[in-house]
Each structure stands twice: as structure tokens, then as C-alpha cells.
2 protein chains.
Amino acid sequence: MGMDGSGEKKIVKRRPADRVLQRDPERTRAAILEAATKEFSENGMGGARVDAIAERAGTNKRMLYHYFGDKEQLYLHVLEEAYVGIRTAERELHIGDRSPEEGIAELALFTWRYFLKHPEFLSLLGTENLHRARWLRQSVRLKELHSHLIVELTQVLDRGKQAGVFIDTADPLNVYLTIASLGYFYISNQYTLSTIFGRELTEKTNLDAWERHIVHVTLASIKT
Amino acid sequence: MGMDGSGEKKIVKRRPADRVLQRDPERTRAAILEAATKEFSENGMGGARVDAIAERAGTNKRMLYHYFGDKEQLYLHVLEEAYVGIRTAERELHIGDRSPEEGIAELALFTWRYFLKHPEFLSLLGTENLHRARWLRQSVRLKELHSHLIVELTQVLDRGKQAGVFIDTADPLNVYLTIASLGYFYISNQYTLSTIFGRELTEKTNLDAWERHIVHVTLASIKT
DNA sequence: CCGGCCAGTAACTAAACGGTTACTTGATGA
DNA sequence: TCATCAAGTAACCGTTTAGTTACTGGCCGG
């Protein structure tokens with residue numbers, strides 16, 4: 001909070017509390033991006049409405065086009081921001097700090113909890129895949145934003161193999177995809193699943209049970 | 001083929017080969033449904049275009065509204081048809097015929113291969129979940145079309161537990177969701193995954209490897 | 001203190017969209 | 001054989017949509 005540009009000089013800017021809605025490019029830009037994230041994740045690319053985004057952001061279409069060019073570029077920014085979000089969070093994670101088994105469990109827990117906390121990210125992934133990664137593929141920003149997890153995961157698995165606790169055939173990408181699969185499907189398909197099986201999957205007890213299940217399955221699939 | 005209504009009576013209908021495109025309500029209806037399945041699975045509910053469906057079906061909008069009411073009802077028919085498709089295929093499956101382990105493996109293989117063969121079903125599931133199962137929930141037809149697999153799966157698991165090959169905590173729904181997760185995620189997210197990991201997931205060798213992986217993971221998670 | 005630039009507004013436009021109307025064509029049974 | 005009704009066509013309609021234009025107002029450097 002309280003960012004006031006490059007170095008506070010002469011006078012402190014007076015900004016009366018009763019008129020917060022003065023000019024503020026960064027605030028407006030951020031508001032549009034947040035509103036767009038909601039709109040796109042709730043309605044997909046085809047269902048999202050530019051007018052709705054402007055209204056949700058408390059501004060108007062002109063600003064949206066001013067800052068982001070057009071609907072597609074705005075969507076791309078939203079998608080990029082979402083990827084940056086999970087990659088940033090991943091950086092806090094150090095799965096090599098403890099035992100290999102604990103490391104894998106930690107990765108599974110992190111992924112599951114991140115998905116659970118950010119359903120809009122899963123929704124955007126779904127939209128992007130519906131369109132065959134049309135925008136992701138043309139994103140220069142995301143091309144240089146790889147997940148470093150595969151590297152770390154490879155090391156953890158190798159340590160586990162040498163210690164004799166993991167099977168030799170355990171593959172890093174497979175482990176990562178397994179964890180992601182179990183988390184993604186449960187959350188993104190909760191509505192059809194709950195309807196068909198007549199069981200509320202988002203109840204606390206069920207969520208906790210699935211969390212334990214993911215860790216169990218992942219470890220069971222690679223343990224000797 | 002060769003369905004000619006209720007009982008062939010007096011004369012065989014002459015239908016000259018050089019004028020196939022005569023009146024044929026069933027053909028037109030089916031063509032619209034097929035075209036709609038493609039359009040909805042490729043573009044989602046919001047992105048699908050009624051004009052595009054009519055054109056793909058080789059007919060016009062009037063017929064579409066004639067047979068299905070409006071866009072939403074047409075979408076519901078498409079969704080229902082897709083569910084009927086997988087449920088019908090499931091009926092061929094008898095996972096209790098052999099050993100418990102083979103039964104589970106068979107279920108995993110069936111699910112994976114069905115998903116692989118019918119990506120449009122996965123896409124429709126994605127669209128439906130984006131909209132929080134809005135249409136699925138209001139479908140009377142699908143309410144009485146449960147998967148019988150959970151029942152059969154319960155029996156197979158019980159037999160395995162009694163034989164001492166499966167752990168006592170193995171839960172039918174969890175097993176089913178595990179299998180579905182691993183298949184669904186790999187296929188529906190292939191585009192973003194391939195882009196990010198720089199590896200073509202749909203290459204034959206990778207598909208085969210993942211098929212084996214699903215069976216391995218599923219069994220490893222429930223074996224004693 | 002003021003000129004130019006940028007944040008912000010609102011009304012507008014052309015095209016696309018879902019859905020309808022007015023009409024034609026062809027099969028069928030009394 | 002012809003009245004009837006369903007199948008099928010095409011042009012049309014009102015609304016919504018992404019994107020634009022013409023304008024207002026605040027702020028900062030010279």
C-alpha cells in the first residue's frame with residue numbers, strides 16, 4: 001500500500017478521503033484485470049461480455065480498450081496473470097528440504113490446496129484447452145515462465161530411488177501429472193459429479209478425504 | 001441400417017439414388033444433433049453459433065428450431081446424447097467376470113479408451129461444469145440414467161478385500177474418480193500441457209505409456 | 001499558471017446474433 | 001386426385017455485441 005511513484009519529494013500528495021475515485025491508472029488497470037478474470041473464468045471466452053467486465057471493474061469500455069487493446073489481448077493478460085500467480089506461489093515451495101516421501105506429499109498438498117483456493121485458474125485452463133491453447137501458444141511472456149518443479153521433482157525422485165524408497169521407473173512428469181489430474185478433475189468437475197453421484201463433493205469432510213487420497217495415491221504409485 | 005418405419009407393408013419405397021436429399025425428418029434431425037455436438041464441443045455454449053450448426057448440418061436455422069425449440073434445448077439434447085453414449089458403452093463392460101485386479105484394470109482401460117475416442121464428451125463435460133451443471137441438473141432424462149458401475153465396482157472391491165488383495169479402506173467412488181481424473185485431465189488439458197512441457201502428449205508412445213500408468217496407479221492405490 | 005497530455009465518460013455504430021415470419025415443396029391417405 | 005399437413009427455404013427482425021468517436025476534466029513540467 002501507499003505507493004507514490006518515484007521517491008517522495010517536496011510535498012505529500014493530498015488525496016481527500018471523501019474523493020477516493022480520482023485518477024488512478026494503476027488502480028483502474030488492476031480493477032479491469034480482476035473483473036476480467038472473474039468474467040472469463042465464469043463464462044469462458046465466448047460467453048464473457050466486455051460490457052460486463054467494464055461494469056464489474058467500476059469503469060467503462062473505453063478504459064478497457066485503452067489499457068488492453070481488445071478482448072482477446074485482455075484475455076491473454078488474464079491468462080498470463082493466472083500462470084504467474086501459480087508459478088510465484090510455487091517458488092515458496094521447497095520439496096527437497098525433507099525426506100523424499102515428505103517432499104512428494106508436500107508437492108501434492110500444495111497443488112491441491114492451490115487449485116482449491118484458485119478455481120478461476122482451473123476454469124481458465126479449461127477455456128484455454130477448449131481453444132487448443134490458442135492464446136497460451138502465442139504468449140511470449142509465458143514461454144519463458146516454466147515451472148521449475150519438474151527439475152526439483154526429478155532430484156527428489158532420484159534421492160528416493162537411491163534410498164530405495166521409490167521404484168526406479170518413477171517418472172517426474174508422470175508424478176506431476178498424476179497429482180495435477182487428481183486435483184483438477186475433482187474441483188473442475190465437481191458440479192456434474194455432485195449431480196450424478198448425489199454427493200456434495202465440496203463438503204469439508206469430503207474435501208479433506210480427497211486431499212488425503214491424493215497424497216496416498218501419489219505415494220502408493222511410486223513406493224517400492 | 002435400412003430402417004423403414006413400422007413394418008414393411010405393400011410396396012417398397014422408391015428412393016432414386018440420384019436424389020438422396022429428399023425429405024427425411026430423421027436424417028435431418030440426426031444431422032443437426034451431430035453438427036451441434038461438434039459446434040458445442042468445439043466452442044462451448046457461449047461460443048457456439050446457431051447459424052454454424054445449421055450450416056454444418058446442411059440445413060437451415062428454421063429446422064433447428066423446428067426440432068429442438070431453441071439453442072439451450074438443443075444443447076441439452078447434445079449433452080444427454082453424450083451421456084447416453086457412455087452409459088450404453090458401459091453396459092458392454094462386465095468387470096466382475098475375472099479376478100478383482102483384472103476387473104479394476106478393465107474398468108480403467110475402458111474409461112481411458114472411451115475418453116480418448118470421444119474427446120467431444122470431455123469437452124461437453126467441461127462446458128457443463130463451467131456453467132455449474134445448469135443443464136444437467138434440470139435434465140429429467142439424465143436423472144434416471146445413473147452409472148451402474150459404482151454398484152459393480154463395490155462388488156469387485158469387496159471380493160478383492162475378502163481375497164486379501166485389496167486394502168480395506170478402498171472406496172468405490174474414490175477408485176472411480178481416480179480413474180476418471182487420470183484420463184480426463186491428460187486428454188482435456190493436452191494442449192496447455194504439451195505447450196508448457198514441450199512434449200507432444202498425443203504421440204502414440206506417450207498415450208500407451210499413460211494408459212499403463214493409469215492402470216498401475218489405480219491398482220497400486222488399493223493393493224495390500 | 002497554463003498548454004498539452006492522459007485518465008475517464010457516454011453516446012454511438014456496424015456487424016453478428018438468436019429467433020421468427022411468410023412462404024414453397026412434397027408425401028400421404030381419404 | 002386433391003386437401004392437408006409436415007418438411008424445408010430464405011429473407012427478415014429486434015437485440016446484443018465488440019469496438020469507436022467525440023468529448024470532458026484533472027494533473028504535471030516548463
Report task. Respond yes when some side-chain nitrogen or oxygen of B/H66 is under 4.0 Å from OP1 or OP2 of D/dG8, and no when none is. Result -> no
Query raised in the report: Using 30° and 60° as the class limits, which term best fits the ring planes of A/Y186 and A/W210: parallel, tilted or perpendicular?
Result: parallel
Query raised in the report: Looking at side-chain heavy atoms only, is the closest gap between B/S147 and A/I196 below 4.5 Å?
Result: no
Query raised in the report: Pick the nucleotide of DNA chain D nearest each of A/G46 and A/R62; which residue has the one closer to the 5' end?
Result: A/G46
Query raised in the report: C/dG19 P sits how many Å from B/F68 CZ, rounded?
Result: 14 Å
Query raised in the report: Does B/N60 have a side-chain nitrogen or oxygen under 4.0 Å from the phosphate oxygens OP1 or OP2 of D/dA10?
Result: no
Query raised in the report: Quantified as the angle between the terminal helix axes (five pairs each), what is the overall bend of the helix from C/dC1-D/dG30 to C/dA30-D/dT1 to 10 degrees?
Result: 0°
Report task. Compare the minimum distances between each of D/dA7, C/dA7, C/dG18 and the side chain of B/Y65, then state the nucleotide with the smallest one. Result -> C/dG18
Query raised in the report: When the ring planes of A/W135 and A/H131 are compared, do they come out parallel, tilted or perpendicular, using 30° and 60° as the limits?
Result: perpendicular
**Report entry** Closest to side chain of B/Y67, choosing from C/dG8, D/dG8, C/dT9
**Finding:** D/dG8
Query raised in the report: In B/S/- notation, 5' to 3', how is nucleotides 12-17 of chain D contacted by protein heavy atoms closer than 4.0 Å?
Result: -----S
Query raised in the report: Would you call A/R212-A/D208 a salt bridge at under 4.0 Å N-O?
Result: no
Report summary line: In this structure, CD of A/E55 is separated from CD1 of A/I53 (nearest 0.5 Å) by 11.5 Å
Query - A/N129 side-chain N/O to B/T192 backbone N/O, donor-acceptor pair under 3.5 Å - result: yes
Query raised in the report: B/E39 has an atom CD; how far is it from atom C1' of C/dG18, in whole Å?
Result: 13 Å
Query raised in the report: Given atom CD of A/E55 and atom P of C/dT9, what is their separation to the nearest angstrom?
Result: 13 Å
Report task. Could you tell me the separation between the OH atom of A/Y75 and the P atom of D/dA18, rounded to a whole number of Å? Result -> 15 Å
Report task. Specify the separation, in whole Å, of atom CE of A/M63 and atom P of D/dT21. Result -> 15 Å
Query - Expected output: side-chain A/T59 to main-chain A/A54 donor-acceptor under 3.5 Å - result: no
Query - Options C/dG19, C/dT9, D/dG19, nucleotide nearest the side-chain atoms of B/D70 - result: C/dG19
Report summary line: The salt bridge (charged side-chain N to carboxylate O under 4.0 Å, His left out) partner of B/E80 among B/R141, B/K143, B/R87 is B/R141
Report task. Please determine if a side-chain N or O atom of B/T28 lies less than 4.0 Å away from the OP1 or OP2 oxygen of D/dA7. Result -> no
Query raised in the report: Would you say the side chain of A/W112 lies within less than 4.5 Å of the side chain of A/I179, judging by non-hydrogen atoms?
Result: no
